[in-house]
Structure formats: C-alpha cells, structure tokens
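Report on the following structure.
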Amino acid sequence: MDWANPSASTVSGMKLTNIDHIGIAVHDLDDALAGYERLYGVLPILRETVEAQGVEEAMIAIGGSFVQLLQPLGPQTPVAKFLERHGEGIHHLCFAVADIEAALGHLAAEGARLIDKEPRIGGRGARIAFVHPKQTNRTLIELIELDLAHA
Ligand code: CO
C-alpha cells in the first residue's frame, strides 16, 4: 500500500481525487462557526448563500479538505427537512472527481439512483451532483468537479 497516494479506483470513468468536504447540517451558522473557532481555532475561508440549494454555507479548510456547515434558508428546503428528521449532524460526504460526466455515466450504468442526472452549479461555482444515499449505507454522496481536479 502506497499511503502517500492510496487512492485507487478500479472503475473506468470513475476517478475520486479526494474527499472535498463533509457537509454538516446546523440550525445556526454563526453559533456553529463560533464553536469551531473556539474549540479548533479555525475560521471559514468562504461563506456564501447558495439559493439553488436553499442554504447559507461556510467552508472551513482543513488540509486539502473542508468542513462545510449548512444552515437552511427556509423551512421547505432539503436541509431544513433533514434537520427536522435527524437533527444536526453529518448531512453528506463530497468526493472530488476528475470528470463528473464520466462519473455520473458510470453510476447510471450501475443503476445508482441519481438525484442529479446532470451536473449543476453549487458552492464555489463548481459543478456538482448528488447521489441518493440508498446504495451507500444511508450516506448522501455529493460529487464535485473542480478545475483543480484537471491539474
Ligand atoms: Co456539499
């Protein structure tokens, strides 16, 4: 095992480059950020409203990955419904992929339930797509293609 470069997908078209972020649903973004700052000494490098997803989000950089804190914009949004059902906590896991179309093509061919059949624009202006948690042990998966993934 090459622990310096352990990633190894055996599937053609699917290349996960890293864990981009872990999304965490919170009731109050300011409170959540204050906790991370006080306990872990970290500040968000980005805070933005993503209307299309019904969230205000903050990104805390940790190494090459982020913690993404998500506060719903209104009661009818998916994150508000998640909070209602489960309370605060981990909402999704986001894998960076080299080629999001190829990744979605592979997932569709394998019968994965795609929430987004085509990529859409998410935070940071990046192309993203969500995959239903059913086939991944109730873990909602987000894919993101960053320009960096092409570097
Ligand atoms: Co996310």
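Ligands are counted one by one from 1 in listed order, and the atoms in each one are counted from 1 as well.
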How close do [X] and [Y] get, heavy atom to heavy atom, and via which atoms?
| X | Y | value |
| --- | --- | --- |
| Ile121 | Arg127 | CD1-CG, 3.9 Å |
| Val79 | Leu70 | CG1-O, 4.1 Å |
| Ala129 | Pro119 | CB-CA, 4.5 Å |

**Study point:** Arg47 bridged to Asp30 by N-O distance under 4.0 Å
**Key:** yes
Exercise for review: Please determine which of Leu114, Ile128, Leu107 meets the side chain to side chain contact (heavy atoms under 4.5 Å, CB included) test together with Leu143.
Suggested key: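 Answer after filtering Leu114, Ile128, Leu107: Leu107.
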Check your understanding: Do any N or O atoms from the side chain of Gln68 and from the backbone of His21 form a donor-acceptor pair under 3.5 angstrom?
Key ->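 Such a contact is absent between Gln68 side chain and His21 backbone.
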Practice item. Could you grab the protein N, O or S atoms closer than 2.8 Å to the Co ion (ligand 1) for me? Key: His21 NE2, Gln68 OE1, His92 NE2, Glu142 OE1
